[in-house]
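Data first, discussion second: the structure below is written as structure tokens.
This structure is a prediction, so every number in the text was calculated from the model and none was measured.
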Amino acid sequence: MNTTTTTTAHDPAGEVLDSVLTGVGRLLLSAFALAWWAILFPMVSVPAGLSVAAGWFFGWPFGVGVAGGAVAGMVLWRVLSPQTFERWFTGRVRSRFLTWLRYRRRWTTMTTACGLSTRDGDRTLIPRLVSVEIGGSLDTVRARMLPGHCPDTWIHRADHFAHGFGAQKAKVALVGPGLVEITFRRTDSLADPVVVPFESMAGFKTVTGTRKAA
């Protein structure tokens, strides 16, 4: 009885090169992401850069002093103008984070699971995520359909999108040539009652000088 033994030759140099290239690629991607966030939020990146520069050229006490002044300025901004602080800082950070957490990190997996990806030879084509708008109770996602897609295919995936992205409900609509808009309802905006002052109701005014009936 003849037996055939197959051995697989390992190339240590090739494995090391692959590891190095992977590490360099991740490092460049991280550097690009850091630079992009620095551009998006100069109110944080500029004071941080000034703190590092002050510590480098004049010593660490100066760096700590600049950083402390920057933090005090941010706190003062939050106290004096919470609306603008929310609009330009915390709101933008929240929107960016939720965009990645809810949609971008799961977009490829979800569109593939819904049968919306296509094969082109050895490549897998994924519908492009055009934009995401995070709201209080509704999120709006716009995506570009792939060639050959039918709008009804996307519309019939509304329940799949709602379940996959963790929303209460999803609605799909065609808003342009090859452009679909998915509206996700995350919470019920009418779940919490809104107290309306009696004076603000149209046609009613507070009646003064009245007394309780005996």
Side-chain angles (χ1 to χ4, degrees), residues 15 17-45 48 83 85-192:
E15 294 178 355
L17 181 61
D18 290 340
S19 300
V20 171
L21 292 178
T22 301
V24 171
R26 291 178 177 176
L27 182 62
L28 292 176
L29 184 61
S30 301
F32 176 79
L34 182 62
W36 180 246
W37 276 81
I39 294 174
L40 290 176
F41 300 98
M43 67 287 293
V44 176
S45 60
Q83 295 84 4
F85 188 83
E86 166 68 20
R87 181 188 309 166
W88 292 104
F89 184 61
T90 55
R92 294 174 64 189
V93 172
R94 173 182 175 274
S95 178
R96 288 278 172 178
F97 175 72
L98 292 181
T99 295
W100 172 83
L101 180 67
R102 292 176 178 176
Y103 303 107
R104 292 195 180 278
R105 71 185 182 96
R106 292 188 286 179
W107 183 253
T108 298
T109 302
M110 278 303 306
T111 51
T112 302
C114 290
L116 297 174
S117 62
T118 59
R119 297 283 299 179
D120 182 14
D122 295 334
R123 298 186 305 163
T124 300
L125 303 181
I126 302 297
R128 184 166 64 91
L129 185 59
V130 177
S131 64
V132 178
E133 294 182 8
I134 302 296
S137 59
L138 299 177
D139 295 341
T140 303
V141 175
R142 290 195 170 189
R144 183 72 61 182
M145 294 191 300
L146 294 176
H149 275 181
C150 176
D152 288 341
T153 303
W154 285 76
I155 293 174
H156 294 160
R157 298 294 190 277
D159 291 339
H160 298 75
F161 288 138
H163 175 73
F165 288 108
Q168 293 183 355
K169 188 177 181 180
K171 181 181 179 180
V172 183
L174 184 68
V175 294
L179 186 65
V180 294
E181 182 178 273
I182 312 172
T183 303
F184 293 93
R185 180 177 296 279
R186 312 295 305 192
T187 59
D188 189 357
S189 59
L190 300 179
D192 297 329

Is Leu116 close to His149 at the side-chain level, that is, under 4.5 Å between some pair of heavy atoms? yes
Could you report the tightest heavy-atom contact between Val180 and Leu174, atom names first, then the distance? CG1-CD1, 4.1 Å
Rounding to 0.5 Å, atoms CG (Leu129) and CZ (Arg144) come to a distance of 12.0 Å
Report the relative orientation of the aromatic rings in Phe161 and Trp107; use parallel for angles under 30°, tilted for 30 to 60°, perpendicular for over 60°. parallel
Smallest heavy-atom separation, Leu146 atom then Leu125 atom, equals CD1-O, 3.4 Å
Report yes if the side chains of Val93 and Thr90 come closer than 4.5 Å at any heavy-atom pair, otherwise no. no
Distance check, rounded to the nearest 0.5 Å: Phe89 atom CZ versus Arg94 atom CZ? 14.5 Å
To the nearest 0.5 Å, what is the distance between CD (Glu133) and OG1 (Thr183)? 9.5 Å
Can you find a heavy atom in the side chain of Ile134 that is under 4.5 Å from one in the side chain of Thr99? yes
Atom pair OH/CG of Tyr103 and Asp139 - distance to nearest 0.5 Å: 3.5 Å
First locate atom SG of Cys114, then atom NE2 of His156, and finally report the distance between them rounded to the nearest 0.5 Å. 13.5 Å
Check Ala162 against Phe184 and note the closest heavy-atom contact, atom names and distance. N-CE2, 4.2 Å
OG1 of Thr111 to NE2 of His160: how many Å apart, nearest 0.5 Å? 13.5 Å
Residue pair Arg119 / Thr124, side-chain donor-acceptor N/O under 3.5 Å: yes
Are the side chain of Arg105 and the backbone N or O of Leu101 linked by a donor-acceptor pair below 3.5 Å? yes
Atom CG of residue position Asp159 - does it have more than 12 heavy atoms of other residues, nucleotides or ligands inside 6.0 Å? no
Within the side chain of Arg186, is there an N or O that forms a donor-acceptor pair under 3.5 Å with the backbone of Gly166? yes
